[in-house]
There are 2 protein chains.
Amino acid sequence: MRDPRLHCPLTFAVKAISGKWKLYILSMLSDGQPKRYSELRNTCENLTEKMLTSQLRELEQDGIICRKVYPEVPPRVEYMLTEAGSKLCVIFEPLYEWGLEYMKEVKPDKLHLLEMVKQRMA
Amino acid sequence: MRDPRLHCPLTFAVKAISGKWKLYILSMLSDGQPKRYSELRNTCENLTEKMLTSQLRELEQDGIICRKVYPEVPPRVEYMLTEAGSKLCVIFEPLYEWGLEYMKEVKPDKLHLLEMVKQRMA
DNA sequence: CAGCATCCCAGACGATACTG
DNA sequence: CAGTATCGTCTGGGATGCTG
């Protein structure tokens, strides 16, 4: 981390997950089960087809997910995490914990919302 | 990670480091020593004052760095990592390793550059 | 079903000049 | 020394409609 010329792998990693819907998509895929395009699309009404497609393409190009086309009619396309993608999701955990710890000092309002969702689920 | 409504701490963390010069600045500060504004600015000629200032402000607002002004003439301002910032930098390591591992399949050219820099340093 | 094409806008980013 | 201010550009993302 000391030499800025050396942190391009880190930059690569951060850029690879810096898209508005990428963490969302990865969270959908993180159970390891392949998901169809429509399956991903229908989980959130704010997610447009254009954005879903572009985010999927970028994740694919960065080797995080893979796209499998089945030669059927009607067409079926499934997306799932690659090995790289799975390992990436593991690394998210300490990052999540960090956010949880330090968000309360900076974005207490959002954290409050989070707590409400958690309670409603329990 | 399973429920997308729950990953806002992760989104917070990723957004907090998603600025063009943020990882660069954090790498400068990651030795724990406070750095002056000019010290940060002079390490890279592509980094403009506007960008340096804006990135520093955002990092400060997210609680990752702190800004200390010394009441002197000429003015002196130092930046250093907060506790949150230090912990964040530790988490970068597995992310860096991930990038190093999987960049070679996606961006072999950039990885090649990295190797050249390393060899020149050794 | 799983997309692409087109148009549009806000905000990120850059270049240059000025200041307490 | 450590910043603002102003301008221009470019890209990420949204809205809408069309297609193999």
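In the text below, chain A, chain B and the rest are named by the order of the sequence lines, each starting its count at 1.
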Donor-acceptor pair between B:Glu49 and B:Tyr37 side chains, under 3.5 angstrom: no
Let me know the distance between [atom1] of [X] and [atom2] of [N], rounded to the nearest Å.
X       : N      : atom1 : atom2 : result
A:Lys35 : C:dA2  : NZ    : C1'   : 18 Å
A:Leu56 : C:dC1  : CG    : P     : 17 Å
A:Glu60 : C:dA2  : CD    : P     : 15 Å
A:Ile25 : D:dG13 : CD1   : C1'   : 13 Å
A:Lys68 : C:dA2  : NZ    : P     : 15 Å
B:Glu49 : D:dT6  : CD    : C1'   : 15 Å
A:Lys15 : D:dT11 : NZ    : P     : 11 Å
A:Glu72 : C:dG3  : CD    : P     : 14 Å

Between [X] and [N], does any side-chain N or O lie under 4.0 Å from OP1 or OP2?
X       : N     : answer
B:Arg41 : D:dC1 : no
B:Arg57 : D:dT4 : yes
A:Arg36 : C:dA2 : yes
B:Ser38 : D:dA2 : yes

Sugar-phosphate only, base, or nothing, as touched by A:Tyr70 at under 4.0 Å among non-hydrogen atoms: nothing
Nearest to side-chain heavy atoms of B:Pro75, which nucleotide of D:dA2, D:dG3, C:dA2: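 Looking only at side-chain atoms, B:Pro75 lies closest to D:dA2.
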Selected nucleotide, minimal atom distance to B:Tyr79 side chain, candidates D:dA2, D:dG3, C:dG3: D:dG3
Divergence of helical axes at both termini of the helix from C:dC1-D:dG20 to C:dG20-D:dC1 - five pairs an end, 10° steps: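 End-to-end axis angle: 60°.
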Residue pair B:Pro75 / B:Val69, side-chain heavy-atom distance below 4.5 Å: no
Close side-chain approach of A:Leu47 and A:Leu40, heavy atoms under 4.5 Å: no
Where B:Ser30 and B:Cys89 come nearest, the two heavy atoms and their spacing: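 Heavy atoms only, the tightest pair is CB-SG, 4.2 Å.
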Presence of salt bridge, A:Lys35 and A:Glu39, under 4.0 angstrom: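 Result for this pair is no, no salt bridge flagged.
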Sole candidate of A:Pro34, A:Cys66, A:Ser86 that passes side-chain contact (heavy atoms from CB on, under 4.5 Å) when paired with A:Leu81: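 It is A:Ser86; the other options fail the test.
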Distances under 3.5 Å between nitrogen or oxygen atoms of protein and nucleotides 9-15 of chain C:
unit_1	atom_1	unit_2	atom_2	d
C:dC13	OP1	B:Lys20	N	3.4
C:dC13	N4	B:Lys50	NZ	3.2
C:dG14	OP1	B:Lys20	NZ	2.4
C:dG14	OP2	B:Trp21	NE1	3.4
C:dG14	N7	B:Lys50	NZ	3.2
C:dG14	O6	B:Lys50	NZ	2.5

ILVMFWY network linking A:Ile91 to B:Phe92, side-chain heavy atoms under 4.5 angstrom: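 A:Ile91 clusters together with B:Phe92.
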Hydrophobic cluster identity match, A:Ile64 and A:Val77, side-chain contacts under 4.5 Å: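 Linked, A:Ile64 and A:Val77 end up in one cluster.
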Side chain B:Asp31, main chain B:Gln33, donor-acceptor under 3.5 Å: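 Pair found, side chain donor or acceptor close to backbone of B:Gln33.
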Nearest-0.5 Å distance, CD of residue B:Glu58 to NZ of residue B:Lys22: 4.0 Å
